Amino acid sequence: MDKHHSQLALAKCSRHQRYNEWVFRDVPSDIMIVVDGGTFSLHKFPLVSRSGRIRKLVAGHRDSDISMIELLSLPGGAESFELAAKFCYGVNFEITAANVAQLCCVSDYLEMTDEYSKNNLGSRAEEYLEIVVSKNLEMCVEVLKQCENLLPLADELKIVIRCIDAIASKACVEQIASSFSRLEYSSSGRLHMNRQAKCEGDWWIEDLSVLRIDLYQRVITAMKCRGVRPESIAASLVNYAQKELTKKSTSWNQSTQPKVDVVSGSNDHEKVVVETIVSLMPVEKLVVPITFLFGLLRSAVMLDCTVACRLDLERRIGSQLDIATLDDLLIPSFHNAGETLFDVNTVHRILVSFSQQEDSDEDMDDVSVFESDSPTSPSQTALFKVAKLVDNYLAEIAPDANLKLNKFIAIAESLPAHARTIHDGLYRAIDVYLKAHQALSDPDRRRLCKLIDFQKLSQESGAHAAQNERLPLQSIVQVLYFEQMRLRNALFCSYPDDDHKPMHQSWRINSGAVSAAMSPRDNYASLRRENKELKLELARMRMRLNDLEKDHVCMKKNMEKSNSRRFMSTFTKKIGKLNIFGHSSSKESSSPSKRSQVTDSKLTERI
């Protein structure tokens, strides 16, 4: 017999050999089975007794001496058919998670059901799948891995969906058990969750990283439906991306945050991975590390992923931009040859997304004036951090000779005017841009310097700007004006607040007069701030009016309670002081009866 053919070796049989083994030991083969990957010289009887498909093929052939059957579409190829043939011959072998999917598919293809033989291969494989595999998460993952080469038949037999449901259920149970293990009693006797304890219910994260992206997507989707924690989902996505997209040497940076550096080659596969991971991300904020989001965004830009994918990443980054770093924003330009060194368009869209989210947050919080105006509110703090980050970013990209003035201004104006309490960073960035673009015309220089509120420069920056020859003359005049106003205000620092307010208010008015016309967005933001300030001042006036009304009521009650005689005596004393009747004697003025008698006598004499 040809050694190239794969023939069953009866020498590998176990000691407990069945009937077919010793009956066909010395019988020559009478049929050849050709499958994808091999050819098998076997016997008709054991195959026909177990396989309905082979029985039909043999019975339907006109020539009873059929010697060859081709099964080129058999799932699993030669390896799967060898296991099925062993079962037909009664050779003992172990059903495991590594071959149960193949056995299910090949038994279905060969119709090895109980209809043709009791306890056939199909029922044996299904029993193992239900009793053993479905109870173990690692085995379910291994079966799914084997199903990658058995699709779509494995899907039709519901092997894939059963394993996915089992994995999601087991992960959810493990999560609940881990949460209960972290419950402990506090010193006050209350039951609480120890968040410092390590969560041991996410050990499955590493196991899922071996799956193909399409099956991995279905598993994560099922987990989200079952209620697995968003933190666990995010950790699994990060781990999977590290395995699929990054080199081992650059998986983590010094701060232990994941970075994504796409490996060259197989761009189509990596593009699908990036788009799938982005679509699977939890909607909760601050669940996915922002450094990982920036890494995915770099990959999405380089791989030319869909617009929806990139916009989703930009929106997620914008929602937590206050915790980003300057290195995160420095996204290289991959496709635009001859353009800027860094991708400023992507950063501009991120800043616009951040500003829109900030505006929506302010509209929601505008119900409470006092809360929205609090300088320590999270929204305001995030705005200040982003403003500082943007100023540093502008200073970093300003030396680029290809950076257009309109793009620089657009990035600087992407944040509202009240985001910058101090304009030192913006002034430094503009100064760097002027130094690198000395060919700018005077109108462009004036347009660029209109971004700076020279009133908000520190003393050191103001002194530098006053001597900066790169600034337009109009800007230098503004700097000198505000420096003079600062000195004048310093002279009034020892005066009461009431005397100091007019000077401060006139300074603000002059500042608005000197500054150029604001953009509609900044004008709207300024009007909103002034409206809030007026509301606060109105609230203060109402409080003072209430205090005056209370004082008036108290005075009125005191007057009503006072003695009427005391009041008349006080009134008479005041009238006497006026000396209406011309008497300077205190006695006469203090005695009403005597005064009346004198008056009567005078009248009698005249009569």
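Residue numbers count from 1 along this sequence. Please read these numbers as outputs of a predicted model, since none were measured by experiment.
With a 4.5 Å cut-off on side-chain heavy atoms, Leu311 and Ser353 do not count as touching.
Using modelled atom types, no side-chain atom of Tyr393 and backbone atom of Ile411 make a donor-acceptor pair closer than 3.5 Å. The backbone N or O of Leu471 lies less than 3.5 Å from no partner atom in the side chain of Ser475, so there is not a single donor-acceptor pair. Side-chain atoms of Asp424 come within 3.5 Å of backbone N or O of Ser458 as a donor-acceptor pair.
Under the 4.0 Å criterion applied to side-chain N and carboxylate O atoms, Asp391 and Arg428 are not assigned as salt-bridge partners. The pair Lys407-Glu339 does not count as a salt bridge, with every side-chain nitrogen at least 4.0 angstrom from each carboxylate oxygen. By the 4.0 Å N-to-carboxylate-O rule, Asp312 lies close enough to Arg316 to be salt-bridged with it.
Side-chain N/O atoms of Tyr216 and Ser236 include a donor and acceptor closer than 3.5 Å. For the residue pair Gln380 and His418, no side-chain donor N or O sits within less than 3.5 Å of a side-chain acceptor on the partner.
Between Tyr427 and His464, the ring planes lie perpendicular to each other; the angle is over 60°, past the 30° to 60° tilted range.
Shown here for His437 and Arg445, the closest heavy-atom pair between the two residues is O-NH2, 4.2 Å. The minimum heavy-atom distance linking His423 with Leu457 is given by the pair O-CD2, 3.5 Å. Across all non-hydrogen atoms, the minimal contact from Ala395 to Pro399 is O-CD, 3.5 Å.
Shown are Val347, Val432, Leu403; of these, the side chain to side chain contact (heavy atoms under 4.5 Å, CB included) with Ile397 is made only by Leu403.
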